[in-house]
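Here is the naming used below: chain letters follow the sequence lines, and residue numbers restart at 1 for every chain.
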Amino acid sequence: MESRFDHQAIEPKIYRRWEKSGFFNPDKLPVTHKKSFTIIMPPPNANGALHIGHALFVTLQDLMIRFQRMRGRKTLWLPGADHAGFETQVVFDKKLEKEKRNRFQIPRDKLWQEMWEFTQANRKIMENQLRELGASCDWSRNTFTLDPKIIKTTHETFTQMHKDGLLYRGERIVNWCVKHQTTLSDLEVKYVEREDPLYYIKYGPLTLATVRPETKFGDTAIAVNPKDKRYKKYIGKEIEIETLIGKAKMKVIADAVVDPHFGTGVIKVTPAHDPTDFEIGQRHKLEIREVIGKDGRLNEKTGPYTGMKISEARQRVAEDMKKQGLLVKTDSNYKHSVATCYKCGTTLEPLVMPQWFVRMTEAPKGKKSLRDMAVDAVKSGKIELIPKRMEKVFLHWMKNLRDWNISRQIVWGIKIPAWYRRDEIYVGAEAPREAGWKQDPDVLDTWFSSGQWPYATLNYPKGKDYKTFYPTDMMETGADILFFWVARMIMLGLYRTGKIPFRNVYLHGLVRDKDWQKISKSKGNVIDPLGVAEIYGTDALRMALTVGNMPGSDTAISEDKIRGYRNFTTKIWNASRFVISSYDKKLKVRPRYTKADRAHLKKLQEIKKQVTSDLEKFRFHHAAETLYHYFWHTFADKIIEVNKSRLQGDDLADRAAAQAALLEILEENLKMLHPFMPYVTEEIWARLPHKPRGMLMIEKW
RNA sequence: GCGCGCUUAGCUCAGUGGUAGAGCGACUCGUUUACACCGAGUAGGUCCGGGGUUCGAUACCUCGAGCGCGCACCA
């Protein structure tokens, strides 16, 4: 044996052996593997290379899968790739921008084709990277989120939800990104603190405070708090105001959302351009008067301000009001939070548009609401979140749920299976036969389809896989997509299949750099997992990502840490090399164990018990550390050292005992280390001084 | 505003109702054939602060401070 583990040469060979064995596929595992254990892989976005976060999920999921496979479970780890709707659209938009092109000038079919090719190319790269990271997933079941079966399931769900009254198309106020020219769900809104002028302006006899004077042309009422004595006499009356484009009459209404302590206690109500005002408008049946268009400019209802951008119009309106004596005062540094696009930071424009919404909190007849189904599943313990505290976060979010806008005005996604003709709506994958129906031009929020990933990939409802592997055992994913994805999977899974989609949810945190900085391209601290694996070995990277990584918490990684586990890889290699080379196969003497031998073997059993229990309880960081410490500082530093002389001794029975004990401890360590460090352990396993034996990968734990 | 966390050795973090541990880093010594990608050893902590429960708290409760995060219709 060489004195180093040559990971660059050996890793690819081992992966090929694993893949060729067929054992990644649960159907090809030995028949003794009966009870299933399933993880559906969160499909990585097919719009770029894998990053260190992906390496983390591969590490954790692969270690769970390998552990369970060795424990005799019929393990399925189903891989996939995500078309990642809006996210990919944004990436592709940037690519187009570099090429001095723009998606709004490219025909839909052509754009689709280009994006298809782009994502397929990325997929290939990604899948090979998953292999390099040692992922023992079943490539025969590899699925893309735009595969026909996924689209079919998604359309069926949409249709069924519509029938059940869980979906509606409504003119509601939505979050419009002027740059990306699409609406976003509430989750995709990022609120940022900002300082803006707060203008106190005269509305007839009243004065009110606003940060958006430019929307005044869309005002259709003035509101005060019903309990506010100052304004009681105005409630229900019409007052005359000066609008800058003529005089107008406006009704004063009372609504409890108005905070009497803010500003003057009076607000202007602009139902078309403010979420709160929209709701007030609904309650009081106010006219929705749109004065801002999708282009982010004021429209023809605004007289001289027509065509101006919002920011410009705001200044001009304020100036003009000042000229006319309508501006009472301005607070220049008013702090408030502004809704922005989570991708580009553009201030979102609340606009009223017809969109499809999922009813989250209202129950269809005789059934529970989507929210209640999910809340019950978690509260009852049918689904467990790891760490447990995430359940509180989950429930808190569920409490504040609102209806979910699933329409997106982009090209890249699954088309909404809805058809319109005059005032009629038809829902279904195919257009009705009669002429004149036009399909909804929008696509679905990507999370609507990925929310169905667990049962869609397993071919619900009739597939054999669905019957064998659903509900799945573990959903391992980032804590940052608990709401985006996990919550939706729980709700949609329960709705569609009547069963929970998974029993456990393990949530990992972010991988940060050694200075605890978030990793980003702009900071230049990106760690390429494949690059590090190339230098230090995949096993080292995997250990570095496992040790010290608690569920739900961020973790720090540094080159030093990875190097440390590369050294550990070398340690394993050399300790094994010593045990193997000093093992005398010809020695056919019955071993006579000493007290110390028995104590060592007993300790080994204790370690095994502890590691097993840690793995069962998802305490991977702890299991990894225990093994590291035991192998290095007990086995290598102590046990091997004290046995060196016995291996040369004349007492053959004692010599036999020493070499047998060392070999046994080594074998058990290799097994336990395998889920964490699959490559080096598999390679050593093949070199053990024994009759031909199978792969470590399916060795019994 | 509501909610969730974190605070332990220089750094990254474990951990337990009986006054503390690891890895990395620092320092000292060691070129003993498995391994210098090594070994032996040393230094370093009022376990954020106050109060409480307890025979005993770093650990449990409570208040507070600092930091981080999530949710929310602040006009």
Side-chain angles (χ1 to χ4, degrees), chain A residues 1-5 173 186-187 189 191 193 196 198-200 208-213 215 219 222-223 255 257-259 261-270 273-280 334-339 350 387 389-402 479-480 482-483 509-510 512-516 518 536-537 540 543-544 547-550 552-582 619 621-622 624-626 628-629 632-633 636-638 640-641 644 647 662 666:
Chain A
M1 268 170 95
E2 319 72 54
S3 71
R4 304 261 189 289
F5 173 57
I173 196 143
D186 293 339
L187 269 177
V189 175
Y191 288 91
E193 271 270 282
D196 282 308
L198 180 64
Y199 304 96
Y200 284 76
L208 57 79
T210 181
V211 286
R212 299 203 64 184
T215 62
D219 295 348
I222 293 166
D255 197 289
V257 297
V258 181
D259 177 0
H261 305 295
F262 183 88
T264 60
V266 184
I267 65 167
K268 62 198 229 20
V269 185
T270 323
H273 299 294
D274 183 276
T276 310
D277 294 4
F278 180 81
E279 280 173 26
I280 297 174
Y334 168 60
K335 249 195 200 168
H336 64 149
S337 69
V338 177
R389 64 181 155 85
M390 284 298 176
E391 291 180 4
K392 290 184 201 163
V393 178
F394 176 85
L395 293 171
H396 182 252
W397 184 73
M398 293 301 277
K399 215 164 144 187
N400 296 317
L401 255 196
R402 294 163 63 203
D480 53 332
L482 175 61
F483 309 141
L510 257 41
R512 293 170 177 265
D513 75 5
K514 64 179 191 327
D515 301 317
W516 206 240
K518 276 192 189 176
Y536 298 108
M543 274 301 269
V547 177
N549 189 348
M550 302 280 286
S553 307
D554 293 354
T555 186
I557 194 158
S558 62
E559 199 157 340
D560 273 351
K561 190 173 178 185
I562 300 166
R563 192 184 299 118
Y565 291 105
R566 187 274 316 268
N567 294 355
F568 182 48
T569 311
T570 308
K571 191 68 177 175
I572 295 172
W573 183 259
N574 278 296
S576 305
R577 179 156 78 113
F578 176 78
V579 172
I580 292 166
S581 65
S582 61
R619 294 154 46 93
H621 65 287
H622 204 253
E625 223 178 310
T626 302
Y628 174 92
H629 205 252
W632 199 318
H633 300 299
D637 287 352
K638 304 218 165 72
I640 287 184
E641 289 306 321
K644 274 183 177 168
L647 291 168
L662 287 180
L666 174 64

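- Evaluation of the side chain to side chain donor-acceptor pair (under 3.5 Å) rule for A:E391 yields A:K388 as partners, not counting sequence neighbours.
- B:rU32: no Watson-Crick or G-U partner with both key distances under 3.5 Å is found in any strand.
- Judged by distance alone, the side chain of A:N574 and the main-chain N or O of A:T570 form a donor-acceptor pair under 3.5 Å.
- The six-membered or imidazole ring of A:F394 lies away from that of A:F483, with a centre-to-centre distance of 6.0 Å or more.
- Between the A:W573 side chain and the A:M1 main chain, no donor and acceptor come within less than 3.5 Å of each other.
- Within the nucleic acid shown, A:V257 comes within 4.0 Å of at least one base atom, counting heavy atoms only.
- We find that NE2 of A:H629 is positioned 9 Å from C1' of B:rG21, with the value rounded to whole Å.
- Applying the salt bridge (Lys or Arg N to Asp or Glu O under 4.0 Å) test to every pair with at least one member in residues 557-568 of chain A, sequence neighbours left out, gives these pairs: A:D560-A:R563.
- Comparing the C1' positions of B:rC47 and B:rC6 gives a spacing of 14 Å, expressed to the nearest Å.
- Across all strands shown, A:M550 has heavy atoms under 4.0 Å from sugar-phosphate atoms exclusively, and none from any base.
- As a whole-Å value, the separation of A:L510 CG from B:rG68 P is 15 Å.
- When the C1' atom is compared between B:rG1 and B:rG45, the two are found 39 Å apart, to the nearest whole Å.
- Counting non-hydrogen atoms under 4.0 angstrom, A:H396 reaches a base of the nucleic acid.
- Here B:rA22 presents its C1' atom at 9 Å from OH of A:Y628, a figure rounded to the nearest Å.
- Contact between the side-chain N/O atoms of A:K399 and the OP1/OP2 oxygens of B:rC2 is not found at any separation under 4.0 Å.
- In the set B:rA75, B:rC24, B:rC71, the nucleotide with an atom closest to the side chain of A:Y334 is B:rA75.
- Rounded to whole angstrom, the span from the NZ atom of A:K561 across to the P atom of B:rG23 amounts to 14 Å.
- Of all nucleotides present, none satisfies the Watson-Crick or G-U wobble test against B:rA20 with each distance under 3.5 Å.
- Rounded to whole Å, atom C1' of B:rA26 lies 13 Å from atom CG of A:D560.
- Taking atom C1' in both B:rU62 and B:rA57, the straight-line distance is 14 Å, to the nearest Å.
- Using a 4.0 Å heavy-atom criterion, one finds that A:F278 contacts no nucleic acid atom at all.
- Nucleotides B:rA9 and B:rC48 place their C1' atoms 15 Å apart, quoted to the nearest Å.
- Shown here, B:rG44 forms no base pair; nothing in the strands shown gives a Watson-Crick or G-U wobble contact with both key distances under 3.5 Å.
- The nucleotide B:rA75 finds no pairing partner, because no Watson-Crick or G-U wobble arrangement with both distances shorter than 3.5 Å includes it.
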- Query: Where do A:F262 and A:Y334 land on the ring pair (Phe, Tyr, Trp, His ring centres under 6.0 Å) test, with the steps shown first?
  - Reply: CA-CA 12 Å; A:F262 183 88; A:Y334 168 60; 5.7 Å; yes

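- Stacking of A:K644 on the aromatic ring of A:F578 is recorded, both the 6.0 Å distance cut-off and the 45° axial limit being met.
- Checked against B:rA22, B:rG15, B:rA75, the side chain of A:F262 finds its nearest nucleotide in B:rA75.
- B:rU7 sits 16 Å from B:rG50 when the C1' atoms are compared, rounded to a whole Å.
- Counting only heavy atoms from C-beta outward, the side chains of A:D554 and A:R512 approach each other to under 4.5 Å.
- If you take atom P in B:rG21 and the same atom in B:rU16, they sit 14 Å apart, rounded to whole Å.
- In this structure, CD of A:E193 is placed 12 Å from P of B:rG1, rounded to the nearest angstrom.
- For the residue pair A:K571/A:T569, the side-chain donor-acceptor check at 3.5 Å is not satisfied.
- For the pair A:D277 CG and B:rC74 C1', the interatomic distance rounds to 13 Å; values are reported in whole Å.
- Residue A:K392 is the one, among A:K392 and A:E625, whose nearest nucleotide of RNA chain B lies closer to the 5' end (criterion: closest heavy atom).
- When the P atom is used for both B:rC24 and B:rG39, the distance is 9 Å, rounded to whole Å.
- What separates CD1 of A:I562 from P of B:rG23 is a distance of 19 Å, to the nearest Å.
- In this structure B:rU54 sits in no base pair that meets the Watson-Crick or G-U test at under 3.5 Å.
- Figure legend. B:rC4 is base-paired to B:rG68; pairs are counted as Watson-Crick or G-U wobble with both atom distances under 3.5 Å.
- For B:rU8 and B:rG44, the C1' atoms lie 13 Å apart once the distance is rounded to whole Å.
- You'll find the side chain of A:I267 stays beyond 4.5 Å of the side chain of A:I222, heavy atoms only.
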Quick tally for nucleotides 32-39 of chain B: nucleotides whose base has a protein heavy atom under 4.0 Å get B, sugar-phosphate-only ones S, the rest -, giving --BB-BSS

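- Comparing atom distances between the A:N400 side chain and each of B:rA14, B:rC71, B:rC24 picks out B:rC71 as nearest.
- Among the heavy atoms of the strands lying under 4.0 Å from A:S337 is at least one base atom, whether or not backbone atoms are also near.
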